[in-house]
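Beneath this line is the structure, given in structure tokens, with notes to follow.
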Amino acid sequence: MRKQVRVRFAPSPTGGLHLGGMRTVLYNYLFAKKNGGDFILRIEDTDQSRYVSGAEEYIHNCLNWAGLEPTESSYHGGNYGPYRQSERKELYKKYAEQLVKDGHAYYAFDTPDELENMRHDLKTEQNPSPQYDQSIRMKMRNSLSLAANEVRKLQDANAPHVIRIKMPEHETVSFIDMIRGEVSFDTSLVDDKVLLKADGMPTYHLAVVVDDHLMKISHAFRGEEWLPSAPVHILLWKYLFGLNEMPQWAHLPLILGPNGKLSKRDGAKFGFPVFAMNWTDPKTNELTEGFKEKGFLPEALINFLALLGWNDGTEQEIFTKEELIEKFSIERVHSGGAKFDYEKAKWFNHEWIKKSGVRGMEPGVKRLLSEKGITDIDSSVLEKVVGLVKDRCTLLTDFYDHSYFFFKSPEKWDIAAVRPKWNEAKQLFFAEVIRNYELNNDWKAISLENSFKEIAAANQIKPGEVLLPLRIMLVGGKFGPGVFDIIEILGKNETINRIKKALTVF
RNA sequence: GGCCCGUUCGUCUAAGGGCUAGGACACCACCCUUUCACGGUGGUGAUACGAGUUCGAAUCUCGUACGGGCUACCA
């Protein structure tokens with residue numbers, strides 16, 4: 001019988017959720033949905049010094065906004081909780097002790113100062129970062145190097161200590177990565193990582209193995225930065241639960257910024273978001289803008305992220321979430337890192353705005369306009385405006401610039417574009433247009449345009465000479481959709497008022 | 001420094017021993033548009049380098065170079 005597919009996203013609540021994390025969420029989600037599996041959100045908050053309040057709730061909000069809800073989490077519940085590692089603290093210790101008993105781990109009593117001294121003393125140009133490994137462990141203070149009675153004494157005195165894994169000598173540890181194929185390591189070159197900290201909390205290395213086992217995780221996806229510590233995890237699986245029980249691993253390629261791994265700094269420096277949603281650091285109050293607030297549609301972000309490192313082998317680029325679920329396969333994920341291209345991200349958003357129906361866009365646009373002070377909006381007008389302007393917007397926030405003039409009469413005009421060619425004849429021409437429009441009972445763009453051109457012809461004025469002034473009268477400048485489309489939506493009173501008002505200024 | 005991973009247009013990528021190395025973003029040109037955009041058509045542009053295997057290599061092997069990651073009682 002095939003094992004039930006269960007995957008997890010396991011962030012630590014230390015700040016904003018960036019693109020790399022978002023993509024890990026996505027791939028987990030798609031894989032779970034495709035295989036009828038469960039998607040678990042587990043909070044890895046074992047480092048109390050880095051815990052940031054509000055970060056967990058924020059992660060939930062991001063997943064909710066993106067439509068990538070987990071099936072099990074501290075908020076959704078589930079049969080494998082608690083889903084916060086800090087609440088599972090007592091679980092880990094017995095596994096660490098078991099490892100010591102079996103000779104795969106040991107107690108280490110070295111103080112932070114002693115560790116620092118060791119690193120300082122051993123540091124050379126040839127070896128800039130000395131490790132706590134088999135070459136050095138017998139010279140440190142631990143249950144391997146110390147006499148048994150001395151160890152007992154330290155324990156009786158409650159001396160602070162950690163538990164470290166004892167890496168075996170010259171073994172080759174290898175495993176099959178779903179993306180990269182076989183990866184192998186020489187255990188002699190890996191250090192004796194801390195498994196259980198002095199405060200009794202596990203480190204990531206112990207916690208990830210224990211929890212993946214207890215939560216019956218079948219496939220473990222994580223960023224490529226974890227590849228170097230994979231041999232530790234493989235060994236832990238072997239010692240604790242057996243390799244047969246181990247999930248299948250996939251190490252996802254990194255998302256790169258202009259120089260290396262994408263960071264919050266890159267966003268600030270180059271002017272693009274890196275977090276899914278706005279994040280305010282509770283300590284510094286510093287705000288980092290998110291894709292949501294920048295004006296991205298969740299569908300577009302998902303689509304963009306999915307294609308950053310994966311494709312279905314065809315030339316299709318626009319995928320709905322349902323299509324992604326159907327077509328996604330972890331084997332088609334690339335092994336190489338991908339540089340984040342903000343221009344391409346915006347292109348996806350533009351495509352999704354065009355693809356979305358007017359109805360779907362309306363609530364978002366209405367919210368945006370009201371944030372900018374435009375509140376009294378007739379819904380039939382809004383519908384027409386959105387339909388007319390939609391294709392011109394790349395970001396949701398562009399709707400304001402492309403449509404505010406439907407709701408606000410201009411107070412300034414691009415007079416420099418009109419005045420040099422302005423004359424008495426044009427003044428009279430517009431007076432006639434007003435008289436004509438007052439009598440128009442149809443008020444459709446096409447009839448409005450026809451009568452405008454007829455009046456121009458009768459006055460021996462080329463339409464081109466009065467079209468631009470008309471536009472500027474209505475919207476204030478050289479922009480916007482077709483003038484007669486604007487006029488139709490504005491309606492008779494508003495159009496005539498705007499022309500009259502501008503005429504007094506030109 | 002050591003270990004691990006990677007390398008096809010500027011960017012994201014297709015091609016898994018066999019057409020002229022295909023598409024998308026960006027860029028450029030033209031068309032459309034009596035505004036600004038959208039849109040349409042076309043164009044510039046890549047297999048890191050060197051060996052080897054082979055009738056034939058972007059593709060397989062080795063080496064080199066370059067890029068990235070890790071090297072904490074952080075994740």
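Values below: every heavy atom of this structure, side chains too, minus hydrogens, waters and symmetry copies.
Residue-level contact check: A:Phe185 touches the backbone only, with heavy atoms under 4.0 Å from sugar-phosphate atoms and none from bases. Within 4.0 Å (heavy atoms only), A:Arg119 reaches sugar-phosphate atoms of the nucleic acid but no base atom. Nucleic acid contact for A:Ser184: sugar-phosphate only, since backbone atoms but no base atoms lie under 4.0 Å from a heavy atom of the residue. Within the 4.0 angstrom heavy-atom criterion, no nucleotide atom of any strand lies near A:Val466. Here A:Gly309 lies in heavy-atom contact (under 4.0 Å) with sugar-phosphate atoms only. Using a 4.0 Å heavy-atom distance criterion, A:Ala198 is classed as a base contact. Counting non-hydrogen atoms under 4.0 angstrom, A:Ser129 reaches a base of the nucleic acid. The residue A:Val194 sits close only to the backbone: its heavy atoms come under 4.0 Å of sugar-phosphate atoms, none of a base. At a threshold of 4.0 angstrom between heavy atoms, the contacts of A:Leu467 include nucleobase atoms, whether or not backbone atoms are also involved. When heavy atoms are screened at a 4.0 angstrom cut-off, A:Pro253 is found touching no nucleic acid atom at all. Here A:Gly260 lies in heavy-atom contact (under 4.0 Å) with sugar-phosphate atoms only. Counting any heavy atom pair closer than 4.0 Å across all strands shown, A:His402 reaches no nucleic acid atom.
Side-chain atoms of A:Glu488 never come within 3.5 Å of backbone atoms of A:Asp485 as a donor-acceptor pair (strictly under, hydrogens ignored).
As a whole-Å value, the separation of A:Asp186 CG from B:C4 P is 8 Å. Between the P atom of B:U11 and the CH2 atom of A:Trp347 lies a distance of 19 Å, rounded to the nearest Å. Regarding A:Arg23, its CZ atom lies at a distance of 12 Å from the P atom of B:C12, rounded to whole Å.
Ring geometry for A:Phe109 versus A:His161: interplanar angle of 30 to 60°, hence tilted. In this pair, A:Tyr27 and A:Phe328 present their aromatic rings tilted. The plane angle is within the 30 to 60° band.
In terms of polar N and O atoms assigned as donor or acceptor, the side chain of A:Arg50 comes within less than 3.5 Å of the base of B:C74 in a complementary pairing. With hydrogens and angles ignored, a donor-acceptor pair under 3.5 angstrom links the side chain of A:Lys344 to the base of B:A24.
Shown here, B:G45 forms no base pair; nothing in the strands shown gives a Watson-Crick or G-U wobble contact with both key distances under 3.5 Å. Pair assignment for B:C30: B:G40, on the basis of Watson-Crick or G-U wobble contacts that are both within less than 3.5 Å. Nucleotide B:C25 forms a pair with B:G10, judged by Watson-Crick or G-U wobble geometry with both contacts under 3.5 Å. In this entry B:U54 has no Watson-Crick or G-U wobble partner, no candidate having both defining distances under 3.5 Å.
Checking the phosphate oxygens (OP1, OP2) of B:G39, a side-chain nitrogen or oxygen of A:Lys354 falls inside 4.0 Å. Remark: A:Thr46 is not in phosphate contact with B:C74, judged by side-chain N or O atoms under 4.0 Å from OP1 or OP2. Side-chain N/O atoms of A:His350 include none lying less than 4.0 angstrom from OP1 or OP2 on B:C25. Considering only side-chain N and O atoms, A:Arg332 lies under 4.0 angstrom from the phosphate OP1 or OP2 of B:A15. A:Lys346 has no side-chain polar atom (N or O) that falls below the 4.0 Å cut-off from OP1 or OP2 of B:A26. Within the structure, a side-chain polar atom (N or O) of A:Asn311 is placed less than 4.0 Å from OP1 or OP2 of B:A14. Distances shorter than 4.0 Å separate none of the side-chain N or O atoms of A:Lys123 from OP1 or OP2 on B:U71. Side-chain nitrogen and oxygen atoms of A:Arg42 include none within less than 4.0 Å of the OP1 or OP2 phosphate oxygen of B:A75. The shortest distance between the side-chain N/O atoms of A:Lys339 and the OP1/OP2 oxygens of B:G10 is not below 4.0 Å.
Within a 6.0 Å radius of CD in A:Glu331, other residues, nucleotides and ligands contribute more than 12 heavy atoms.
Nucleotides B:C19 and B:C28, compared at atom P, are 34 Å apart to the nearest Å. B:U13 and B:G52 have their C1' atoms separated by 29 Å, given to the nearest Å. Distance check on atom P: B:C9 versus B:A46 gives 9 Å, rounded to whole Å. Comparing the P positions of B:G23 and B:A15 gives an interatomic distance of 15 Å, to the nearest angstrom. Of the C1' atoms belonging to B:C25 and B:U44, the separation is 15 Å, rounded to the nearest Å. Between B:C30 and B:C38, the two P atoms lie 16 Å apart (nearest whole Å). Straight-line distance between the C1' atoms of B:A24 and B:G69: roughly 28 Å, to the nearest whole Å. Separating the P atom of B:C31 from that of B:G68 is a span of 44 Å, rounded to the nearest Å.
The aromatic ring centroids of A:Phe296 and A:Phe304 lie 6.0 Å or more from each other. Between A:Trp226 and A:Tyr204, a ring centre-to-centre spacing shorter than 6.0 Å is recorded. A:Trp237 has its ring centre no less than 6.0 Å from the ring centre of A:Phe175. The ring of A:Phe270 has its center no closer than 6.0 angstrom to the ring center of A:Tyr342.
Proximity note for A:Glu343 (side chain, C-beta onward) versus B:C4, B:G1, B:A26: the nearest is B:A26. Each of B:U34, B:A14, B:G10 was ranked by its minimum atom distance to the side chain of A:His334; first place goes to B:A14. With B:G39, B:G69, B:U35 as the candidates, the nucleotide lying closest to the side chain of A:Glu351 is B:G39. Checking B:C4, B:C38, B:G68 against every side-chain atom of A:Leu256, the shortest atom distance belongs to B:G68. Counting only heavy atoms from C-beta on, A:Ala338 has its side chain closest to B:C12 among B:U71, B:G69, B:C12. Nearest nucleotide to the side chain of A:Asp47, out of B:A75, B:G69, B:C5: B:A75.
Nearer the 5' end of RNA chain B, as judged by each residue's closest nucleotide, is the contact made by A:Asp191, out of A:Trp226 and A:Asp191.
Taking 4.5 Å as the limit, some side-chain heavy atom of A:Gln155 sits within range of a side-chain heavy atom of A:Tyr107.
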